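Notes follow once the structure below has been shown.
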Amino acid sequence: MDSKRFPSGSQQQLRLRPKRTKREWRPLEDRSCTDLPWFLLFTVFCVGMGSICGFTIVTGGADRLIFGYDSYGNTCGRRNELIEGLWLSGLDHTDKKFVFFLDPCNIDIVQRKIKSIALCVSLCPTEELKTYQDLKRFAMLNGSELCSYELAGHKYPSLPERFNKCPKLPVPPSKPLPVFNRCTPVDSSCYAKFAEAVVTFVGDHSVLHRLIAGVAASKEIIIGLCVLALGLSMILMVIIRYISAVLVWILTSLVVLGSLAGTGVLWWLYIDHRLYGNETKELKEAKEEAAVSRDSGQALLIYSVAATVFTIILLLLMLFMRKRVALTIALFHVAGKVFIHLPLLTLQPFVTFLALLLFWIYWILVLLFLGTTGNPVQNEETGLTEFRLTGPLQYLTWYHTVGLVWISEFILACQQMTVAGAVVTYYFTRDKNRLPVTPILSSVLRLVRYHLGTVAKGSFIITLVKIPRLILMYIHNQLKGKENACARCMLKTCICCLWCLEKCLNYLNQNAYAATAINSTSFCTSARDAFVILVENALRVATINAIGDFVLFLGKILIVTSTTFAGVVLLNYQRDYAEWLLPLIIVCLFSFLVAHCFLSIFEIVVDVLFLCFAIDTKYNDGTPGKEFFMDKSLMEFVESSRRLERVVERGRSRVKEAVSEGAEMKPMAPGTSSA
């Protein structure tokens with residue numbers, strides 16, 4: 001009774017404290033784990049990936065890859081057990097640690113392997129051996145027999161089996177590969193056939209050697225140009241805030257002028273064709289030429305009308321979307337400020353690339369382990385022993401392939417979530433001087449502690465779309481030239497549709513991660529909330545994606561062209577211009593890759609800023625208690641939009657007043673007046 005009349009201080013605080021819900025769209029301090037079942041599922045999947053690696057090590061696949069094995073199933077450098085049904089298996093190769101191929105240049109390009117008998121030897125031949133007498137002398141002096149095990153070294157020159165079971169003469173000098181212990185020819189000329197098959201535009205060995213020599217001679221320049229591309233990308237992310245307005249309006253003007261010019265040229269060609277067609281008809285009076293001229297005139301008329309319709313639609317879109325172009329410029333300006341306040345954002349591409357590189361190296365190693373794991377099987381075509389996975393174990397490769405896609409997408413999604421969390425913290429902090437010391441590290445910690453399940457679920461959805469697309473692409477490549485036109489068209493259509501779906505899901509996932517960073521909600525809830533916000537601002541989204549993406553594309557082209565121009569200047573002293581080709585191609589590809597990685601971070605920042613801006617304008621109006629969180633540049637855009645809306649509203653009210661006054665002043669109809 002007393003407690004009701006005289007509430008305690010804690011009860012008063014509870015009554016006065018506003019309840020925070022997960023729909024306030026404001027970063028929550030009190031977070032909870034999201035999509036925990038998906039985190040557990042992803043953890044189990046990763047344990048499965050690790051189990052595959054452990055299985056290959058336990059069953060000897062890793063040893064066979066690293067130490068090598070001969071064509072009879074024996075691992076080099078090991079004491080081997082007898083394999084039932086395989087001749088010459090179970091030998092003691094403790095002293096024979098290197099793999100030697102009788103014909104190392106016999107490469108099967110399709111199967112990507114050397115079609116030759118492999119032996120375990122104690123020493124690789126360091127000098128060229130031209131005769132069987134040289135093979136005998138090498139075996140006697142070094143104890144390394146280069147012919148099949150059943151042949152005695154001192155009888156090499158006289159044995160009739162020497163033509164099939166001894167190395168092909170002359171034996172080139174070789175040296176063992178580091179770690180993998182394979183005897184590899186020092187002279188790589190025997191791989192010219194393989195190189196020509198890969199590099200299809202090379203016609204002769206001399207061109208290939210000149211290109212490789214050009215790369216070797218320009219390696220310092222190539223490294224310097226790659227560093228230049230890296231520096232230009234980092235600089236562009238900071239200064240794009242100052243040049244975005246110029247780029248956007250120049251782009252808009254060029255698009256409009258180009259459309260007008262193209263339409264005008266088409267109409268001029270149509271009119272000119274009509275005049276020329278009439279003259280031709282009068283002079284030659286040829287029915288066939290008249291018919292062709294008439295068809296051409298109709299085609300030009302259709303093109304001209306279509307271009308005119310396109311230009312009118314484009315002009316109307318530019319007219320109605322001109323305000324939203326200003327929003328794109330403002331977002332670019334604020335994004336530049338974000339990189340100044342959060343300089344560690346520029347390190348995100350390095351961290352992501354390093355994580356992907358380490359995972360890909362691990363994945364390739366395990367894939368190679370799988371290639372030497374399994375039961376020994378004798379190849380019916382060559383008679384050599386190979387190790388293959390049989391039964392249910394053959395699906396380990398498919399599991400490993402799914403892991404490549406899912407974990408790669410997971411790493412990329414972690415980058416998106418990290419950037420989104422840091423940008424959200426920046427946007428919803430009114431006093432930028434009170435930002436956390438390291439917003440990026442804080443975002444990483446929040447991700448690891450609370451939201452790994454959300455990232456796992458989003459990346460799995462992308463995997464479900466990407467794997468069918470990759471399978472269809474593989475089928476299309478395998479059936480190239482064999483399928484009919486209808487099947488080819490259907491395959492390409494399915495591939496295109498899956499690609500479009502993947503891009504849409506990537507964009508929605510990115511905004512879902514931003515919503516999770518704000519509200520700490522699950523993936524599906526965040527995706528739904530973000531989707532509602534994006535639909536309510538559909539025109540703004542279209543403008544930002546169209547103009548913003550093209551501006552960033554121009555930035556990538558600027559970096560590539562600048563780096564290429566510097567490369568041409570630096571390579572100018574090499575007068576053999578054919579040697580420029582491969583170094584410039586390498587520089588162009590690397591500079592575009594670097595620019596894409598860095599400007600993709602900028603694009604993520606712009607998209608997250610837009611989502612925060614849309615939420616801010618929806619739930620706040622600038623009144624006390626509902627103050628905006630946005631930056632000054634975005635505030636100026638909002639104020640100008642409001643002024644324009646007030647002007648339009650005043651104009652509408654004046655029109656309504658004029659209409660109502662006109663109705664009141666309208667004279668009465670005759671016969672309605674009083675008597």
Side-chain angles (χ1 to χ4, degrees), residues 60 62-83 86-108 113-194 205 209 372 376 378-379 382-387:
D63 285 346
R64 281 190 285 270
L65 176 69
I66 295 174
F67 297 106
Y69 65 96
D70 61 18
S71 298
Y72 308 104
N74 300 297
T75 302
C76 299
R78 294 285 186 272
R79 181 187 294 274
N80 298 275
E81 297 180 359
L82 179 65
I83 302 175
L86 291 182
W87 184 52
L88 293 178
S89 63
L91 301 178
D92 184 4
H93 287 332
T94 306
D95 298 329
K96 299 179 178 180
K97 300 181 179 180
F98 304 105
V99 180
F100 175 75
F101 296 96
L102 300 189
D103 187 6
C105 298
N106 186 11
I107 301 173
D108 186 351
K113 62 175 65 175
I114 298 176
K115 296 176 61 176
S116 169
I117 295 178
L119 302 174
C120 294
V121 298
S122 57
L123 186 66
C124 299
T126 56
E127 298 179 356
E128 185 179 29
L129 306 177
K130 299 181 179 180
T131 63
Y132 292 105
Q133 194 67 34
D134 293 338
L135 290 177
K136 173 185 175 182
R137 188 181 306 109
F138 182 80
M140 295 295 101
L141 292 176
N142 301 293
S144 182
E145 298 178 349
L146 303 183
C147 295
S148 187
Y149 303 133
E150 71 271 20
L151 303 183
H154 63 280
K155 297 182 179 180
Y156 283 168
S158 59
L159 292 174
E161 298 94 341
R162 66 182 184 276
F163 299 106
N164 297 325
K165 297 187 177 182
C166 285
K168 183 180 178 181
L169 299 178
V171 179
S174 60
K175 60 181 181 180
L177 277 177
V179 180
F180 290 102
N181 301 321
R182 266 73 168 177
C183 294
T184 309
V186 177
D187 184 9
S188 59
S189 61
C190 72
Y191 297 113
K193 180 180 178 182
F194 178 74
H205 301 339
H209 292 319
T372 55
Q378 196 166 20
N379 191 315
T382 61
L384 308 180
T385 302
E386 300 175 354
F387 289 87

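As the structure is a computational prediction, the values presented were derived from the model and not from experiment.
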Open item on the list: My understanding is that only residues two or more places apart in sequence, or in another chain, count here; which of them pass ring-ring contact (aromatic ring centres under 6.0 Å, His included) with Y69?
Closed with: F387
- [ ] Report yes if some heavy atom in the side chain of V121 is under 4.5 Å from a heavy atom in the side chain of L146; otherwise report no.
- [x] yes
- [ ] For Y132, enumerate each residue passing the side chain to side chain donor-acceptor pair (under 3.5 Å) test, keeping only those at least two apart in sequence or located in another chain.
- [x] none
TODO: List in chain and number order the residues that pass side-chain contact (heavy atoms from CB on, under 4.5 Å) with S89, two or more places apart in sequence or in another chain; answer none if no residue qualifies.
DONE: N74, L82, I83, L86
Open item on the list: Suppose we screen for ring-ring contact (aromatic ring centres under 6.0 Å, His included). Which residues come up paired with F138, at least two apart in sequence or across chains?
Closed with: none
TODO: Flag the pair H93 / D70 as yes when at least one side-chain heavy-atom distance between them is below 4.5 Å, and no otherwise.
DONE: yes
Task: Rounded distance (nearest 0.5 Å) linking atom OG of S122 with atom NZ of K97 - done: 10.5 Å
TODO: Hey, could you give me the CG/SG distance between N142 and C124, rounded to the nearest 0.5 Å?
DONE: 11.0 Å
Open item on the list: Would you say that S144 contacts F100 through its side chain, given a criterion of any heavy-atom pair below 4.5 Å between the two side chains?
Closed with: no
- [ ] Return the set of residues passing side-chain contact (heavy atoms from CB on, under 4.5 Å) with T126 (not counting sequence neighbours), or none when no residue passes.
- [x] none
TODO: Just grab all the disulfide bond (SG atoms under 2.5 Å apart) pairs involving residues 128-173, residues at least two apart or on different chains.
DONE: C147-C166
Task: Residues which pass salt bridge (Lys or Arg N to Asp or Glu O under 4.0 Å) with D63, listed by chain and number, not counting sequence neighbours - done: none
Task: Pairs touching residues 119-132 that satisfy salt bridge (Lys or Arg N to Asp or Glu O under 4.0 Å), sequence neighbours left out - done: none
Open item on the list: Show the nearest heavy-atom pair for residues M140 and H154, with the distance to one decimal.
Closed with: CE-N, 3.8 Å
- [ ] Return each pair, listed once, that meets salt bridge (Lys or Arg N to Asp or Glu O under 4.0 Å) where at least one residue sits in residues 153-162; pairs must be two or more places apart or across chains.
- [x] none
Task: Member of L135, D134, V171 meeting the side chain to side chain contact (heavy atoms under 4.5 Å, CB included) criterion with P125 - done: V171
Task: Partners meeting ring-ring contact (aromatic ring centres under 6.0 Å, His included) with Y72 (sequence neighbours left out) - done: Y149
TODO: To the nearest 0.5 angstrom, please state how far the CZ atom of R137 sits from the OG1 atom of T131.
DONE: 6.5 Å
- [ ] Report yes or no: does T94 contribute a side-chain atom to a donor-acceptor pair with the main-chain N or O of D92 at less than 3.5 Å?
- [x] no
Task: Residues in side-chain contact (heavy atoms from CB on, under 4.5 Å) contact with N164, at least two apart in sequence or another chain - done: none
TODO: Please examine the side chains of P157 and Q133, heavy atoms only from C-beta on, and report whether any two atoms are closer than 4.5 Å.
DONE: yes
- [ ] Taking the side chain as every heavy atom from C-beta outward, state whether K168 and D103 have any atom pair closer than 4.5 Å.
- [x] yes
Open item on the list: Nearest 0.5 Å, please: how far is CG in L91 from SG in C120?
Closed with: 8.5 Å
Open item on the list: Once rounded to the nearest 0.5 Å, what's the spacing between atom CG of L102 and atom CD1 of I117?
Closed with: 5.0 Å
Task: Interatomic spacing from OG1 in T75 to CG in N80 - rounded to 0.5 Å - done: 5.0 Å
Task: Residue pairs involving residues 138-151 (criterion salt bridge (Lys or Arg N to Asp or Glu O under 4.0 Å); sequence neighbours excluded) - done: E150-K165
